Number of protein chains: 2
Amino acid sequence: MKFNLSQAEENYLKAIYSIGIDTGKSVNTNQIALKMKTKASSVTDMVKKLSDKGLVEHKKYKGALVTSKGESIAVSTLRSHRLWECFLVDTLEFNWDEVHDIAEQLEHIKSDSLVDRLDKFLNFPSYDPHGDPIPDKNGVIEHHKNVMLSSVDPEASCIVIGVKDSSSSFLKFLDNAGICLGKKIKVLTVEDFDQSMQLEIESKVITVSHQISKNLYVKK
Amino acid sequence: MKFNLSQAEENYLKAIYSIGIDTGKSVNTNQIALKMKTKASSVTDMVKKLSDKGLVEHKKYKGALVTSKGESIAVSTLRSHRLWECFLVDTLEFNWDEVHDIAEQLEHIKSDSLVDRLDKFLNFPSYDPHGDPIPDKNGVIEHHKNVMLSSVDPEASCIVIGVKDSSSSFLKFLDNAGICLGKKIKVLTVEDFDQSMQLEIESKVITVSHQISKNLYVKK
DNA sequence: TAAAATTTTTAGACAAGTCTAAAAATATTT
DNA sequence: AAATATTTTTAGACTTGTCTAAAAATTTTA
Ligand SMILES: [Mn+2]
Ligand SMILES: [Mn+2]
Ligand SMILES: [Mn+2]
Ligand SMILES: [Mn+2]
């Protein structure tokens, strides 16, 4: 079967797929509505449509999950999104906080070979500018282990490998704080009251809220 | 006033603008319908809408013309289209017959600086892969003089500078015939009956129909 | 210039995707 | 196990862009 999906359908599939990956469970209507910034009733309509096309499995009142066909479409949209983000940052020299909304449009361009040629031109990158893994041509994607800065113990050091939130405001905050991918962070203290953290970054000390620390992926 | 136009609106504006440039006269509903591959009634609806927005001037039963606001949007869509075609051919190494339909989608991506950054990355090209002039940042566009191969006299020589038809089938024919931009062509004879032409291209002689010769822009 | 042909517009319908408000089902409290 | 609260679905409406068929205007022909 040949799938020529609308942008809306692709966006919903991506949302259902990624919430499903995060939680491991069946995805609720309201969770989808929240992610898609739309109303539950619109979600119900779309889920029905995707279910009719065999792209999601849906049990009334019990939420939805992508099928394998649905997953492969969602993953290829993610691949396209992340490669375009690489292009925008590496080739066109956008800042990492400017590219998400543009990639949100570019990911839907229909062409048999466009994304693969882009991949080749970019020299087959493994991660996008926000540290998210890029699926390969066959849809194989590495799932990283989701260690957040918020779970690092006092005195321990780690390296920033990704951001959970790609919003412009969060990324601008990180720019100002001197935090970027690959940067080494040492956790000095964690405040018991609000879980805010004192961090040492290149011999400067700063304090960040839990809101910040739970949106940064780190390793080691 | 801020214009956030739909893809359909941008495509109609481009069509009305380019037919208007070609003919110099007010553009008929049926001409637009033909170019847009749609029905006259749909054109009437859209022309009304564009007229309400002040982007075209329309007199009932008398056709439409873009206003200066409409023209500047049409030209900036053309600029985007042609720069993306350059990118696809020069950077991603597509053949010139593969890029039109992809650029038709890419031209509608909304971003304040994307097209200008692309322009810079491509080193400010003046022509797209089909020989069409690329408007600059301010919407200034060179209009070339439209000399067709079909109007060249026997014994005269000329150089191919553009194609009027960007369809894949026409461009593939040209590839097979060894005709590309910059190629020198000598007209040997013109058949009186069907205006077919005998051409000499790099010491090979070929015959082409009027259909072909009237779709090639040449100079000298 | 009147009849015929053509072009353009109107009228009404439809599909996609969204929304609000109300009904139905499920989950949580007591 | 009811009563209450929450979630999800349905019902009906709206927008955008399209279509067919019919009416109206314009142009061409005779
Ligand atoms: Mn999207
Ligand atoms: Mn990203
Ligand atoms: Mn287009
Ligand atoms: Mn072109």
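The shown structure was predicted, so the numbers you read here are calculated from the model rather than taken from an experiment. Quick note on labels: first sequence line is chain A, next is B, and so on, each numbered from 1.
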> Please determine whether a side-chain nitrogen or oxygen atom of B:T44 lies at a distance below 4.0 Å from atom OP1 or OP2 of C:dT10.
no
> Between B:N28 and C:dT8, is there a side-chain N or O to OP1/OP2 distance below 4.0 Å?
yes
> Nearest to the side chain of A:A8, which nucleotide is it out of C:dT18, C:dT9, D:dT8?
C:dT18
> Within less than 4.0 Å of OP1 or OP2 of C:dT10, is there a side-chain N or O belonging to B:Y61?
no
> Less than 4.0 angstrom between a side-chain N/O of B:Y12 and OP1 or OP2 of D:dT18, yes or no?
yes
> Let me know the distance between CG of B:L5 and P of D:dT16, rounded to the nearest Å.
12 Å
> Just by distance, do the side chain of A:S196 and the backbone of A:V208 share a donor-acceptor pair under 3.5 Å?
no
> Could you check how far NE2 of A:H108 sits from C1' of C:dA16, rounded to whole Å?
16 Å
> May I have the distance from A:N4 (atom CG) to C:dA16 (atom P), rounded to whole angstrom?
13 Å
> Return the nearest nucleotide to the side chain of B:D45; candidates are C:dT9, C:dT10, D:dT8.
C:dT10
> Do we see a donor-acceptor contact under 3.5 Å between the side chains of B:W84 and B:D128?
no
> Kindly say if B:S42 contacts the phosphate of D:dC19, meaning a side-chain N or O under 4.0 Å from OP1 or OP2.
yes
> Using modelled atom types only, decide if a donor and an acceptor are shared between the side chain of B:T91 and the backbone of B:L88 within a distance under 3.5 Å.
no
> Tell me whether the side-chain N/O atoms of B:K37 come closer than 4.0 Å to OP1 or OP2 in D:dC19.
no
> Is it the case that the side chains of A:H100 and A:H130 hold a donor-acceptor pair, with the cut-off being a distance below 3.5 Å and no angle test?
no
> Return the value, rounded to whole Å, for the distance between atom CD of B:Q7 and atom P of C:dA16.
18 Å
> Between atom CD in B:E9 and atom P in D:dT16, what is the gap in whole Å?
9 Å
> Before giving the answer on side-chain contact (heavy atoms from CB on, under 4.5 Å), spell out for A:V47 and A:V56 the whole-Å C-alpha distance, their side-chain angles and the decisive distance to 0.1 Å.
CA-CA 7 Å; A:V47 164; A:V56 307; 4.3 Å; yes
> Taking A:R117 for its side chain and B:E93 for its backbone only, find out whether a donor-acceptor pair lies under 3.5 Å.
yes
> Give a yes/no answer on whether the side chain of B:K39 brings an N or O atom under 4.0 Å of OP1 or OP2 in D:dA21.
no
> Please report the distance, rounded to the nearest Å, between CG in A:L34 and P in D:dT8.
12 Å
> Between D:dT9, D:dT26, C:dT9, which nucleotide has the shortest distance from any of its atoms to the side chain of B:K60?
C:dT9
> For A:D52 and C:dA16, give me the distance from atom CG to atom C1', rounded to whole Å.
14 Å
> Decide yes or no, distance alone: a donor-acceptor N/O pair under 3.5 angstrom between the base of D:dT20 and the side-chain of B:S41.
yes
> With respect to the phosphate group of C:dT8, does any side-chain polar atom (N or O) of B:N30 fall under 4.0 Å of OP1 or OP2?
yes
> Is B:K62 near enough to C:dT8 that one of its side-chain N or O atoms lies under 4.0 angstrom from OP1 or OP2?
no
> Under 4.0 Å between a side-chain N/O of A:K59 and OP1 or OP2 of D:dT9, yes or no?
no
> Given D:dT18, C:dT18, D:dT20, identify the nucleotide with an atom nearest to the side chain of A:M46.
C:dT18
